[in-house]
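To start, the structure under review is shown below, and the notes come after it.
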Amino acid sequence: MALLHSRGRRLATIAGLAVTLTVAAAGCSGGSGDDGGYDIAFLPKNLGNPYFEASDKAAEKAVKGFGGSFKEVGPSEATADGQVTYINTLTQQSVGAIVLSANDTSALCDALDEARDAGIKVVTFDSDVDKECRDVYVSASSPKLIARNQIDLIADQVGGKGEIAILSATANATNQNAWIDEMKPYLKSEYPDMKLVDVVYGDDDDQTSYDKTEALLSSHPDLAGIVSPTTVGVAAAARYLSTSEFKGKVALTGLGTPNDMREYVDNGTVTSFALWNPEDLGILASYTAKALLDEDITGKKGDTFSAKGLSSDTTKFTVGSDGVITLGEPFVFDKDNIDDFDF
Amino acid sequence: MTTTLDPVRQTPKPRPAAQRWRSLLLGRDAAVIGLVALVWIAGSVFVDNFGKPNTVYFLLLDALPILLIAMPMTMVIISAEIDLSVASMLGLSSVVVGVLFQGGWPIWAAVAVALAVGLVGGALNGFLVATVGLPSLAVTVATLALFRGIAVGLLGTKAVTGFPDEHKDLVSDRLFGPGTAIPGILLVFVVLAIGFGVLLHFTPFGRATYAAGMSARTSRFSGVNVPAVKFWLFVATGFVSALAGVYWTLRYDSARGDNAAGFELAVVAAVLVGGVSIFGGRGAIPGVIAGALLIGELRAVLRLADVSADAINIATGVLLIVSVIVPRLVTGLHGRWRRARRSGLESTSSSD
């Protein structure tokens, strides 16, 4: 019995030592350096998401560029409760600023309130929380800019005349409806020879969007072009067109990701489409955090600050109403630049 | 590591008090509790910001749903069954609270209905396992899908948020005022832990649970009503999972169909790390509490040390494997040592 106990004890000790060593090693490699004064932590919706990998990588470069320390933490699944845990951890580490893309508009608020009570600046980017729970929101674009970009792209491809239709996400998607509402008057005033004949809803489901594209083309034989301002919709429509008789005859544009759309740009189904550049978004969010830490801005309307290293020439940014900062026009992807992006 | 390692071959005999104390101090539970202390010390020494009141506060809030569900789960696993539907029941309960609250019900009534749903769901599991006699693994994998399906079906991909602050404060308030370590909601767990601890270790129902797990046939012959024991254990996991769902909803201010997806494995992991045998018949409440805290603590240390989420999952997985392998290894070594000693004794006696 005594031997058993000593063996058991020895094994327990070995296991204990292993844990201690792991923790010690982790402690050495980690550390929340206060070196540059700008201690900025990025919290994406989840890790391993190519979109956020692109923006966070650019953000890291920007933060290190102005002498700050950068880190990226986050849950492996895109859930609000996973993000709450990380916000709590960052609060305990007393980082300077948290830059996050939220999985839920209100579920993160209690944790963010606690972080802000501890003096941490909170910037949201890509996806916002309730405006009371953060300092500023860095928005990729505005409804007006997106609507104009989409209509300009399709007009360019159909030669400014003919019938067009919209393939949207769900019928009650706030952002989609805001964009469509902006598209209608712009179309009327700028392109009088073009006519919007239908708006259909693919529910952000691949198969539904595919079926709706097919139905759209059979019910409107003279259709010249389709606008699909949703990543799921535009990819499904492109998949339908690329194998149908309409390939190259009916134009398609929308908001899509380069990885989804590469195949259809390569085979000529799609000439150009748009989305914001996630790298620019990461860089602007970094400079926004810096501006908050420098107290150049507080989130009040009209505050201005500058950012460097964006793909556009813009360097001056102004805080709009509700603490929203807008990156600018959507970024257009085409045959010439699509291979520069991987998300 | 105690004398009950091999219940079939080893006939339990009354142990001298000194030996009982020694097995208590060097037993499996003590090893896990020791590890909790060790990680705590290592974390405090090596990791910035660890070991402060806030660390304890957040750690307990994060670990609470595991701690809650682990109590009845311990008894279910000791009875040689398993309940994999707990996380789905948590999600369903969360959605029920959300949907009713959205429909204008007072929050207490919504909570009462959610807890009733927990009882009914647990009774369904219990009926299928205990009365119909189906294997619990199959039954609860089915109800895992069923409960989750209903939860997602009721709310779709939407979330109900905006629960009143006074109710959210119930789960987030600190017991001894701002800045202190202990969340008041921990009292719910303390009551539950004492309840299940007494039930398992000091009552005939608890002895019946162990007996059912060691050998269902033998215990039936000795007059233990195995189906009744198992039925009520599944009702208990259903109820406590629903309770955890209410907690989850208020803590994260979010009722969603996919709340706590995959969480059942975290609960089972905590129970196994805590020294409960997956084959039933063996385990204790104190060890399980330490097991749940150990996992929560390890994850908190690694997060504060900026270790990535994937690496943290790997560390948790390794801990689980080690905790399952080490006792078996010790048992094996012990058996070999006994055989070696016996043959050694025989050879010395024959050479004499």
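All chains are named by letter (A, B, ...) in the order of the sequence lines, taking the proteins before the strands, and each is independently numbered beginning at 1.
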Any donor-acceptor N or O pair under 3.5 Å, side chains [X], [Y]:
X	Y	value
B:S94	B:N259	yes
A:S168	A:Q176	yes
A:S69	A:D39	yes
A:D204	A:T230	yes
A:N49	A:E53	no

Answer yes or no on whether B:K168 is positioned over the face of B:F163, meaning its NZ or CZ is under 6.0 Å from the six-membered ring centre and within 45° of the axis.
no
Considering only heavy atoms, which portion of B:N313 lies under 4.5 Å from any heavy atom of chain A: side chain, backbone, both, or neither?
side chain
Between chain B and each of A:D110, A:V73, A:L47, count heavy-atom pairs under 4.5 Å; write down the option with the most.
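Going by pairs under 4.5 Å, I would pick A:D110.
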Top contributor to chain B interface from A:D130, A:T89, A:T79, A:N88 [non-hydrogen pairs under 4.5 Å]:
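Ranked by heavy-atom pairs under 4.5 Å with chain B, first place is A:N88.
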In residues 54-62 of chain B, which residues are in contact with chain A at a heavy-atom separation under 4.5 Å?
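The list, in residue order, reads B:N54, B:T55, B:Y57, B:F58, B:D62.
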When only pairs under 4.5 Å are counted, which of B:S323, B:A309, B:A300, B:S254 shares the most heavy-atom pairs with chain A?
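Most pairs with chain A among the choices: B:A309.
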Among residues 96-104 of chain A, which ones touch chain B with a heavy-atom distance under 4.5 Å?
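The residues closer than 4.5 Å to chain B, in numerical order, are A:D104.
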Of all the heavy-atom pairs spanning A:G202 and A:T208, show the shortest one and how long it is.
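Smallest interatomic distance, heavy atoms only, reads O-CB, 3.4 Å.
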Given the rule in the side chain to side chain contact (heavy atoms under 4.5 Å, CB included) test, do A:F52 and A:F125 qualify, once you have shown the distances and angles that lead to the verdict?
CA-CA 11 Å; A:F52 290 111; A:F125 76 109; 4.0 Å; yes
Would A:E114 and B:R174 pass as an ion pair if we require N to O under 4.0 Å?
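The answer is yes: the pair qualifies as a salt bridge.
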Could you check whether B:R251 pairs with A:D81 (Lys NZ or Arg NE/NH1/NH2 to Asp/Glu carboxylate O, under 4.0 Å)?
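No salt bridge links B:R251 with A:D81.
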Should the ring pair A:F70 and A:F42 be called parallel, tilted or perpendicular, given that the plane angle runs from 0 to 90° and is split at 30 and 60?
tilted
